[in-house]
K.L.:
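Once you've had a glance at the structure underneath, I'll fire off some questions.
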Amino acid sequence: MSNSKKRNISILGTDKFTGITIKEPAEYAAGLPAVKVALEHSFKEMGVVKSLSVLSKMNQKEGFDCPGCAWPDPEKPSKLGEYCENGAKAIAEEATNKRVNRDFFSKYSVEELSQWSDYHIGKSGRLIEPMVLRPNSIHYEPISWEEAYELVAKKLKDLNTPDEGVFYTSGRSSNEAAFLYGLFVRAFGTNNMPDCSNMCHESSGVALVETLGIGKGSVKLEDFDQAEIVIVMGQNPGTNHPRMLSALQKCKENGGKIISINPLEEAGLIRFKNPQEIKGVVGSGTALTDIHLQVKINQDIPLLKVILKKLIKLDAENSGIVDLEFIEKYTYGYQNFLKKLDQYSEDELIRACGVDEKSIDQAVEILAKKEKIIICWAMGLTQHKNGVENIKECVNLLLLKGSLGKPGAGTCPVRGHSNVQGDRTVGIMHHVSKELNEAIQKTFGFTPPEKEGLDTVHAIQAMHEGKAKVFVALGGNFLSAASDTKYTAEALQNCELTVNISTKLNRTHLVTGKTGLILPTLGRSELDKKDGKTRFFTVENSMGKVHRSKGMLKPASDSLRSEPEIIGGIASAYFGNNHSVAWKNLGADYDSIREKIEQVIKGFDKVSNKSKGSGFYLPNNVRELDFRKLPKGKAQFSCCDLPEHNLKENELLLMTIRSHDQFNTTIYGLDDRYRGVYNERRVVLMNSKDIIKLGLQKLDVINMISSYDGEKRVASNFLVIPYNIPEQNIASYFPEANVLIPYNKYADKSHTPISKSVIVIIEKAK
């Protein structure tokens with residue numbers, strides 16, 4: 001534990017066990033158990049009547065968008081309900097009947113609350129009024145909205161330079177809120193806009209921009225109906241994006257094949273029981289994965305290289321396997337790619353990836369005959385030092401097969417939070433865009449800063465070193481999401497002011513600067529009215545489609561304000577009447593915000609009208625095979641190096657993972673049903689041979705230790721669980737294991753923390 005000088009705060013919460021039960025891992029996902037669990041969560045948090053009303057409107061046209069993942073809605077949503085088990089859990093958390101009010105904060109100090117688990121903290125309920133934690137105090141107390149705005153404005157004015165402010169964004173925020181937030185931050189004078197993409201899919205964005213010219217995927221939902229092969233890499237859709245299983249089911253029913261590549265064989269990719277179909281209720285469901293390649297952690301590049309080598313060798317024997325016509329017309333760098341690939345032997349690559357050659361050959365045989373290929377991936381590929389190159393090697397395979405710009409083929413980075421992609425589209429980024437700056441200056445009459453800002457890991461470092469003194473978070477649970485928990489906590493505690501615009505209580509509200517401020521906001525499901533008129537937001541899904549989201553529930557409190565109103569209030573308090581933007585008025589008028597988005601961001605023409613119904617797609621050059629912005633005007637082949645970990649005999653490679661009762665840092669419950677782990681989160685999944693080798697037994701209590709640059713980090717009190725995972729690889733849940741991830745070890749170019757490949761040793765707990 002680490003303590004604040006003035007407040008005795010537990011940064012990590014409790015490390016007590018909760019009573020584990022172990023069962024065999026599940027052999028299918030969803031089905032009636034998923035329906036049962038979803039309804040149990042919903043009824044417990046919201047009651048029966050409210051639950052059925054809310055769930056019937058989620059992900060429906062003219063309804064509200066799920067606050068969970070960014071998987072797109074079908075053109076014709078199911079009347080039975082267009083949501084999954086974890087989507088139901090997410091809305092139950094947001095629309096809960098529990099409240100965190102002034103009496104709650106009077107009863108519990110931040111010191112006491114910090115001793116609770118993240119699960120216990122999250123279950124406290126909705127925040128309903130602005131609260132302030134003043135210097136030297138251990139209890140939050142109420143504060144008026146206007147006083148809160150003035151407090152933030154004063155602290156910002158006290159800074160020596162705008163670059164001492166850090167403005168973080170979570171992926172939950174709407175396009176309107178994110179655009180206004182980015183506009184204010186630039187008007188304030190800094191590009192310090194770290195966002196949750198920095199911690200998850202930044203590697204995807206960097207790789208795709210450099211190879212294909214756009215930092216987004218190229219497929220649409222209907223492409224899954226036509227795909228001949230879908231490769232799912234470093235991703236667990238059964239837990240993290242359950243509605244994706246319906247798309248994979250359609251692919252299989254249309255004759256497509258699925259190849260899964262992951263260190264763990266996940267239930268959601270084994271078999272899917274669709275609860276909206278009879279065979280998903282009383283039948284056996286749909287078998288999904290045709291070939292599972294159980295790759296070692298972060299050895300995807302050697303696996304892809306051996307697949308590429310084998311495809312090229314087959315093409316030499318029987319032409320037509322490699323799409324040379326596509327390569328000649330649309331790509332650049334193929335000969336250099338071949339030359340680099342020739343340097344590796346197949347045997348070397350097979351040993352490195354840990355997959356048996358027979359399984360690899362089966363995958364190659366399928367790939368050789370097909371051209372409509374989709375590759376899907378998530379953080380299992382991006383959160384490594386070589387995360388960017390992992391994605392580039394995926395692009396190499398698609399380029400080799402000509403699997404871009406045609407129905408049923410392309411790239412599919414599966415984004416986590418529901419509008420994380422939209423936030424970036426409308427301007428949330430620490431990079432400087434000359435085009436964006438010019439559009440802002442033309443539209444709003446002020447000159448945005450031209451100095452590059454801080455991303456997440458460098459913002460944490462700046463706060464830790466006292467170079468940044470005010471931290472504002474538009475949503476999210478920054479402390480639990482970031483790497484190196486103790487270091488990040490110390491960074492936040494060094495600030496003069498930390499501000500959290502939030503719906504629910506989380507650990508970041510307890511580990512604050514000298515002054516902490518909570519500004520409660522409306523949730524996705526809540527009715528947003530102004531002057532008798534119902535307002536709506538827009539969001540962008542994982543495949544680049546923008547559509548409306550309109551809440552319908554009575555707000556948890558009359559004191560709540562929307563995110564744009566809060567941003568407008570802060571900006572108005574800071575600038576007063578001395579600015580070209582009428583901040584308060586703009587924050588209250590979403591139509592006006594959208595009009596400004598149209599003028600600044602390409603592709604948003606007539607967004608207020610076009611977002612009706614199923615919405616509209618933003619421009620995507622890959623779908624048009626237009627690579628004019630890239631060198632030579634073509635898509636780029638890449639020469640990617642093999643990852644280097646060089647594990648010693650007693651070292652293991654740890655990847656942090658989610659449980660099934662979890663979305664990002666929100667803990668819904670204590671069961672990881674699909675992996676057979678019940679009522680416990682402090683666990684380590686380990687190969688049985690490694691358990692024996694280390695002299696351990698099932699359910700032994702151990703500590704995990706990482707040592708980077710001479711600094712030792714310890715995650716204490718975890719239970720050993722034998723599991724089907726490659727030797728010298730282990731897995732443990734975040735945020736509990738985040739303490740082991742060094743803040744200064746991250747992916748080249750993208751600066752995404754190495755959350756999926758941390759070298760550790762294990763010792764028995766005393």
K.L.:
Okay, side chain of Arg424, backbone of Ile428: is any donor-acceptor separation there less than 3.5 Å?
P.N.:
yes

K.L.:
Is it the case that Lys596 places NZ or CZ above or below the six-membered ring of Phe179, under 6.0 angstrom from the centre and within 45 degrees of the axis?
P.N.:
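Here Lys596 fails the 6.0 Å and 45° test against Phe179.
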
K.L.:
When you look at Glu598 and Lys606, which way does the salt bridge (Lys or Arg N to Asp or Glu O under 4.0 Å) test go after all the steps?
P.N.:
CA-CA 7 Å; Glu598 289 180 35; Lys606 300 179 181 178; over 6 Å; no

K.L.:
Quick check on Lys442: does its NZ atom have over 12 non-hydrogen neighbours (other residues, nucleotides or ligands) under 6.0 Å away?
P.N.:
no

K.L.:
Can a donor-acceptor pair be found, under 3.5 Å and without considering hydrogens, that links the side chain of Gln383 to the backbone of Cys200?
P.N.:
no

K.L.:
So, for His579 and Ala187, which heavy atoms are closest and what is the spacing to 0.1 Å?
P.N.:
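Where His579 meets Ala187 most closely, the heavy atoms are NE2-CB, 3.7 Å.
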
K.L.:
Mark yes or no for whether Gln636, through its side chain, and Pro631, through its backbone, hold a donor-acceptor pair below 3.5 Å.
P.N.:
yes

K.L.:
Which class fits the ring pair Tyr168 and Phe478: parallel under 30°, tilted 30 to 60°, perpendicular over 60°?
P.N.:
perpendicular

K.L.:
Cut-off 3.5 Å, side chains only: do Arg623 and Ser218 have a donor facing an acceptor?
P.N.:
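Side-chain D/A pair, Arg623 to Ser218: absent.
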
K.L.:
My understanding is that only one of Val426, Ile593, Ile440 makes a side chain to side chain contact (heavy atoms under 4.5 Å, CB included) with Leu183; could you say which?
P.N.:
Ile440

K.L.:
For the backbone of Ser559 and the side chain of Ser557, can you confirm whether one donor and one acceptor N or O come within less than 3.5 Å of each other?
P.N.:
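The answer is yes, because a donor-acceptor pair under 3.5 Å joins these two groups.
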
K.L.:
Any chance you could measure Leu505, atom CG, to His509, atom NE2, to the nearest 0.5 Å?
P.N.:
6.0 Å

K.L.:
Is Arg134 paired with Glu147 through a side-chain N to carboxylate O contact shorter than 4.0 Å?
P.N.:
yes

K.L.:
When the aromatic ring centroids of His458 and Tyr746 are compared, is their separation below 6.0 Å?
P.N.:
yes

K.L.:
What closest approach, in Å, do Leu127 and Ser502 show between heavy atoms, and which atom pair accounts for it?
P.N.:
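That would be CD1-CB, 3.9 Å.
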
K.L.:
Would you please indicate if the ring centroids of Phe536 and Tyr590 are separated by under 6.0 Å?
P.N.:
no

K.L.:
Considering only heavy atoms from C-beta outward, does the side chain of Leu492 approach that of Phe471 to under 4.5 Å?
P.N.:
yes

K.L.:
What distance do Leu454 atom CG and His751 atom NE2 have between them, rounded to the nearest 0.5 Å?
P.N.:
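Separation between the atoms: 11.5 Å.
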
K.L.:
Between Phe627 and Tyr332, is the ring-ring contact (aromatic ring centres under 6.0 Å, His included) condition met? List the steps.
P.N.:
CA-CA 10 Å; Phe627 304 113; Tyr332 176 73; over 10 Å; no

K.L.:
Between Lys533 and Asp591, is there a side-chain N and carboxylate O pair less than 4.0 Å apart?
P.N.:
yes

K.L.:
Please name the pair of heavy atoms, one in Thr508 and one in Leu479, separated by the smallest distance, quoted to 0.1 Å.
P.N.:
OG1-N, 2.9 Å

K.L.:
For Pro67 versus Ala90, what's the shortest heavy-atom pair and its separation?
P.N.:
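Scanning both residues, the minimum pair turns out to be CG-CB, 4.2 Å.
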
K.L.:
Return the CG to CG distance between Leu519 and Asn500, rounded to the nearest 0.5 Å.
P.N.:
8.5 Å

K.L.:
Is any NZ, NE, NH1 or NH2 atom of the basic residue among Asp626 and Arg628 found under 4.0 Å from an Asp or Glu carboxylate oxygen of the other?
P.N.:
yes

K.L.:
Any carboxylate oxygen within less than 4.0 angstrom of a Lys/Arg side-chain nitrogen, looking at Lys749 and Glu210?
P.N.:
yes

K.L.:
Would you say Lys155's side chain and Leu497's backbone share a donor-acceptor pair under 3.5 angstrom?
P.N.:
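Side chain of Lys155 to backbone of Leu497: no pair is present.
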
K.L.:
Within this structure, what is the CD-CG distance for the pair Glu563 and Leu474, rounded to the nearest 0.5 Å?
P.N.:
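It is 4.5 Å, given to the nearest 0.5 Å.
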
K.L.:
Are any of the side-chain nitrogens in Arg535 or Glu565 under 4.0 Å away from the carboxylate oxygens of its partner?
P.N.:
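A salt bridge links Arg535 with Glu565.
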
K.L.:
Do the side chains of Leu180 and Leu586 get nearer than 4.5 Å, heavy atoms only?
P.N.:
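Result yes, sub-4.5 Å side-chain heavy-atom pair found.
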
K.L.:
First locate atom CD of Gln493, then atom CD1 of Ile11, and finally report the distance between them rounded to the nearest 0.5 Å.
P.N.:
5.0 Å

K.L.:
So, are Glu540 and Lys216 salt-bridged, with charged N and O less than 4.0 Å apart?
P.N.:
yes

K.L.:
Which heavy-atom pair separates Asn437 from Pro449 by the least distance, and what is that distance?
P.N.:
ND2-O, 3.2 Å

K.L.:
Between Thr211 and Ser638, is any pair of side-chain heavy atoms under 4.5 Å apart?
P.N.:
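Side chain of Thr211 against side chain of Ser638, heavy atoms only: contact under 4.5 Å found.
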
K.L.:
Phe616 ring centre to Lys545 NZ or CZ under 6.0 Å, with the angle to the axis within 45°?
P.N.:
no

K.L.:
Does a sphere of radius 6.0 Å around NZ in Lys514 hold more than 12 heavy atoms from other residues, nucleotides or ligands, not counting ones at 6.0 Å or beyond?
P.N.:
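Yes.
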
K.L.:
Using the six-membered ring wherever Trp is involved, compare the ring planes of Trp583 and Phe575 and label them parallel, tilted or perpendicular (cut-offs 30° and 60°).
P.N.:
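Taking Phe575 first and then Trp583, their aromatic rings lie parallel (interplane angle under 30°).
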
K.L.:
Which heavy-atom pair separates Ala481 from Asn738 by the least distance, and what is that distance?
P.N.:
O-ND2, 3.9 Å

K.L.:
Could you check whether Glu93 pairs with Lys504 (Lys NZ or Arg NE/NH1/NH2 to Asp/Glu carboxylate O, under 4.0 Å)?
P.N.:
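Result for this pair is yes, salt bridge flagged.
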
K.L.:
Looking at Thr512, is its backbone amide N or carbonyl O close enough to the side chain of Thr498 to form a donor-acceptor pair, meaning the two atoms are under 3.5 Å apart?
P.N.:
no

K.L.:
Go through the steps for Glu141 and Arg102 under the test salt bridge (Lys or Arg N to Asp or Glu O under 4.0 Å), then give the verdict.
P.N.:
CA-CA 6 Å; Glu141 59 188 65; Arg102 61 183 66 189; over 6 Å; no

K.L.:
Would you confirm whether the ring centroid of Tyr149 sits within less than 6.0 angstrom of the ring centroid of Tyr574?
P.N.:
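No, too far apart.
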
K.L.:
Do the side chain of Ser173 and the main chain of Asn419 share a donor and acceptor less than 3.5 angstrom apart?
P.N.:
no

K.L.:
Within the structure provided, determine whether Val166 and Val472 are in side-chain contact (heavy-atom separation under 4.5 Å).
P.N.:
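A side-chain contact under 4.5 Å is absent here.
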
K.L.:
Report yes or no: do Asp163 and Thr190 form a side-chain donor-acceptor pair below 3.5 Å?
P.N.:
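Checked: Asp163/Thr190 side chains pair up, N/O donor to acceptor below 3.5 Å.
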
K.L.:
Under a plain distance cut-off of 3.5 Å, with no hydrogens placed, do Thr382 and Trp377 share a side-chain donor-acceptor pair?
P.N.:
no

K.L.:
Counting N and O atoms only, with roles assigned by atom type, does the side chain of Arg126 sit under 3.5 Å from a partner on the main chain of Thr503, one being a donor and the other an acceptor?
P.N.:
yes

K.L.:
For the pair Glu164 and Lys469, evaluate salt bridge (Lys or Arg N to Asp or Glu O under 4.0 Å) and give the outcome as yes or no after the intermediate values.
P.N.:
CA-CA 6 Å; Glu164 290 184 341; Lys469 299 173 182 178; 3.8 Å; yes

K.L.:
Quick check for you: to the nearest 0.5 Å, what is the distance between Leu133 atom CG and Leu510 atom CG?
P.N.:
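These two atoms lie 9.0 Å from each other.
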
K.L.:
So does Glu435 pair up with Lys602, basic N to acidic O under 4.0 Å?
P.N.:
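The answer is yes: the pair qualifies as a salt bridge.
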
K.L.:
Between Asn198 and Thr456, do the side chains contain a donor N or O and an acceptor N or O under 3.5 Å apart?
P.N.:
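Result is yes, a qualifying pair exists.
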
K.L.:
Ser611 side chain to His547 main-chain N or O, any donor-acceptor pair under 3.5 Å?
P.N.:
no

K.L.:
Could you check whether Lys554 pairs with Glu526 (Lys NZ or Arg NE/NH1/NH2 to Asp/Glu carboxylate O, under 4.0 Å)?
P.N.:
no

K.L.:
For the side chain of Ser572 and the backbone of Gly568, is there at least one donor-acceptor N/O pair under 3.5 Å apart?
P.N.:
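Checked: no pair found.
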
K.L.:
May I have the step-by-step check of salt bridge (Lys or Arg N to Asp or Glu O under 4.0 Å) for Glu146 and Lys584, ending in yes or no?
P.N.:
CA-CA 12 Å; Glu146 295 309 316; Lys584 201 165 189 176; 3.7 Å; yes

K.L.:
Can Gln461 and Glu465 be counted as having a side-chain donor-acceptor contact under 3.5 angstrom?
P.N.:
yes

K.L.:
Do Glu94 and Arg524 sit within salt-bridge range, that is, some charged N less than 4.0 Å from a carboxylate O?
P.N.:
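No.
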
K.L.:
Run the salt-bridge test on Asp605 and Lys610 with the 4.0 Å N-O cut-off and return the result as yes or no.
P.N.:
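So Asp605 does not pair with Lys610 through a salt bridge.
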
K.L.:
Answer yes or no: is there a side-chain heavy-atom contact under 4.5 Å between Ser549 and Thr538?
P.N.:
no

